[in-house]
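Report on the structure given below.
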Amino acid sequence: MSENPGTAFGLMPAVPRQGGYGPITTKPWSQEDYTHPSAAWGAALSVGQVLLREKQPVSGARAMLTMNHPIKGFDCPGCAWPDDQKGLKLDICENGMKHVTWEMTHKRVGPAFFAAHTVTELAEWTDYDLENAGRLTEPMVYDAELDRYVPISWDDAFALIGDELRALDSPDEATFYTSGRLSNEASFLYQLMIREYGTNNMPDCSNMCHEASGRALTASIGSGKGTTTVEDWEQTDALFLLGVNAASNAPRMLTALSDAVKNGAQVVHVNPLIEAASRRTTVPHDFVDMALFKTHETGTLDLQVRPGGDMALMRGIAKVVFEAAEMDAAVLDAAFLERYAEGLEEYRALVDATSWDDLVIQSGLSEEQIRAAGAIYLKADKAIVSWCLGISQHEHAVDMVREIVNVLLLRGNIGRPGAGPAPVRGHSNVQGNRTCGINHHSPAWLLDKLDEVCGITSPRQPGLDTVGSIHQMHAGAVKVFVGLGGNFVTAAPDTVFTAEAMSSCRLTVQVSTKLNRSHIVHGARALILPCLARTERDEQAAGRQGQTVEDAMSMVHLSVGGRKPASEHLLSEPDIIARMARATTPDSAIPWESYVADYARIRDVMAQVLPGFEGFNELVATPTGFRIPQPARERGFRTPSGRAMFSPAPLHDVRPPAEDMLVLQTMRSHDQWNTTIYTSSDRYRGVKNLRELIFLHEADMRERGIATGDFVDIVATSKDGTQRQLNQYRAIAYDLPRGSAAGYMPEMNVLIGPNDFSAQSDQPLMKSINIRVAPSASAAPAVKAS
Ligand SMILES: Nc1nc2c(c(=O)[nH]1)N[C@H]1C(S)=C(S)[C@@H](COP(=O)(O)OP(=O)(O)OC[C@H]3O[C@@H](n4cnc5c(=O)[nH]c(N)nc54)[C@H](O)[C@@H]3O)O[C@H]1N2
Ligand SMILES: Nc1nc2c(c(=O)[nH]1)N[C@H]1C(S)=C(S)[C@@H](COP(=O)(O)OP(=O)(O)OC[C@H]3O[C@@H](n4cnc5c(=O)[nH]c(N)nc54)[C@H](O)[C@@H]3O)O[C@H]1N2
Ligand SMILES: [Mo]
């Protein structure tokens, strides 16, 4: 391997550049504490700038008015936070707006663009510049001789895919990725196509996101989703928010938080960093508040746990509950525990046997802080615990989520109003993808039903997930990669290894809206297939079509785009999937063409296969959509025992493995959407014009002879002992626990080895990378693998 393999794919520049994968800038960088309320005018200004940049001030603003509108609107392609269900109120946020405007850009990437740039040249572009080039307009195929993408007809593109897939020795030599944008209808068609073809190789972005939450909830309460609704959030007495940066990543949650505080609830933020949502906000869509600069509290207590310390905090809360139960047995919900739960005594013994010393060391909090959290939990008649990636991307994430459920079970905080577990999902339809069958290990009952209704024979052997697919592509065992959305190369761990994996494929196919790194790092043959975006009109034989999505609280509703498509050559995702299916399995008995003519026909089949979708077409006619039944919400626990299961997992040691090591978490800045980076600033953390940074504790810096603004080199040691390096990052002193560090994804993915995934969830360890940091040794290349 060369000295700097990343540069071959344009993954990391040979010399560091200010801006990382974002826009390159020579403007001076700076960092200072941000003291303004979240959302508010900072957000409004930022949206205005983006609208102007995309030259969309008028039509962009018009589109916003139909976003998340219960009637005839499109669903915000941003996060999965539920829409406001009350009447016709607008429910929009800064980051949702940026997201939509980015999609609506006037810029186009068509044949002329590709004729003007070789792929080798494009590899030198930043990720920002690639996406910023505009919307893809026509199907393109890679021409190795010209080193360019050249136009190809849709028919020829599908024929190429069909030929390659049919030529494989086994369907398991292909893998089919899903990014969480894909609608329910498209997800259903996609998994049907893949299973009829003969494999369960279905990596999806959930494998990097909430896989752990799904597995934990399934083991504990028998279904892999949260149980709360927005109404529950309004009624609760105590809200614990673990590991989520709500102000940036689920901004519409700010309204729920401010309402909760107004209603007298305690809102406890558990996070190594004090994020903006724990302070105050100006409710983003409340124009009167905006005009009056009126702010609302969105938090009542901050607990700065060490990375991975949440399990010890939760166990500490349980300890407080058991201690109180000795005085007053009524603090435990005996009736609930007796009737619905199993494993209480074993869990109680485990909690009793855990010392306060251990809880303090492992949580990184003082006994007083843990007791304060315990007291809030005890005082609350109804409690909700909500979490996101700060919990799910750790080694012991499944145990951690199950510990959250343990604590909820003690006081019967599930299946009644104002209470329950509430994972905050990521992509706008990542939850719906799973509901509709995108799963490399779907349960047998679902496959049985699919086979019965659709007349196929689904393979029963579990398929490859994200990490598995990377390894198998790298080993040459998987030869075709199909990506329905997303940016696999940049989103996945070990960017260099993943890029090598992708480029060793025989064929890579990317169904996308915008140009990204996964088009530049490609297989021997490569296709870019451009599709309609969610804001755009989708006209088929039966007229204007809509597609459904499911939010983080299991509400399903129709999303109908109204804008003129970015190009006349775009196809919808259901159409692309159906034509890919026909080309792959020409004698398929599935009426693919009929499904595309009228998506209501897809919903009719889904209604027969998927539980909770009975009468799907009638249900989607309701403006606000419908809720998929979640049995645990009604205290129906579909575990083998029929009861909610306490988890008796031991407390894990989450301290850095060596004294000179730190635990690094990779997170999003305020101005990015996963691999899409809008600017190189991070407003709520007070950062301007800098992404190649690492936040460190002042004392950890002093010990290493590092001052704020100094260049440092970061060396990560993987679980398998291999090391990866990132050089010349700026050290920034920040308020976080000693022994921990933080920086931005996706740049820092180069530090996560291909074997750095959780043994419990198979999720890459994006929030716990063991690193050493030292003053920069030289002006060495920015990335090096060994
Ligand atoms: N604007 C915008 N919105 C988004 C996205 C986006 O990129 N941009 N991405 C979407 C997607 S796909 C997802 S999955 C979600 C992600 O939403 P988040 O989970 O908020 O994403 P991250 O930026 O990774 O932030 C992780 C948070 O967890 C904290 N954390 C890290 N380690 C720990 C820990 O050990 N314990 C605790 N308690 N906290 C910890 C970090 O400090 C940070 O606040 O957002 C979705 N929404
Ligand atoms: N280090 C580190 N890495 C991480 C994470 C982390 O916290 N730390 N988070 C992980 C998480 S939670 C996730 S979800 C993944 C995200 O991984 P992905 O979902 O793979 O990545 P995105 O950046 O969301 O994908 C952006 C691309 O999607 C395409 N796109 C946008 N809209 C559409 C559409 O409507 N249809 C189609 N077909 N394509 C569209 C565009 O071409 C755009 O370039 O990243 C993971 N990677
Ligand atoms: Mo995600």
Problem set entry | Worked verdict on K767 versus Q665 for side-chain hydrogen bond (donor to acceptor under 3.5 Å, both in side chains) | CA-CA 4 Å; K767 295 286 187 281; Q665 61 137 325; 4.7 Å; no
For this session: Could you give me the CA-CA distance, side-chain angles and deciding distance for N184 and S187, then say whether side-chain hydrogen bond (donor to acceptor under 3.5 Å, both in side chains) is met?
Result: CA-CA 5 Å; N184 290 329; S187 298; 5.4 Å; no
Exercise. For W387 and S392, what are the C-alpha separation, side-chain angles and deciding distance, and is it a side-chain hydrogen bond (donor to acceptor under 3.5 Å, both in side chains)?
Worked result: CA-CA 8 Å; W387 69 92; S392 64; 6.0 Å; no
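D671 and S681 form no side-chain donor-acceptor contact under 3.5 Å, judged by distance and modelled atom types alone.
Relative orientation of the F637 and F336 rings is perpendicular, given thresholds of 30° and 60° on the angle between their planes. By the 30° and 60° cut-offs, the orientation of the rings of Y684 relative to H670 is tilted.
The residue from M555, R425, K225 that alone fulfils the side chain to side chain contact (heavy atoms under 4.5 Å, CB included) condition with E550 is K225.
Taking CE of M748 as the start and CE of M745 as the end, the distance is 12.5 Å to the nearest 0.5 Å. Summarising the geometry, atom CZ belonging to R603 is positioned 10.5 Å from atom CD belonging to E618; distances are rounded to the nearest 0.5 Å.
Taking the charged nitrogens against the carboxylate oxygens, R434 and D204 do have a contact shorter than 4.0 Å, which makes a salt bridge. With respect to D399 and R402, no salt bridge is recorded, no charged nitrogen being found less than 4.0 Å from a carboxylate O. Ion pair R685/E275 flagged as a salt bridge, since at least one NZ, NE, NH1 or NH2 atom sits closer than 4.0 Å to an Asp/Glu carboxylate oxygen.
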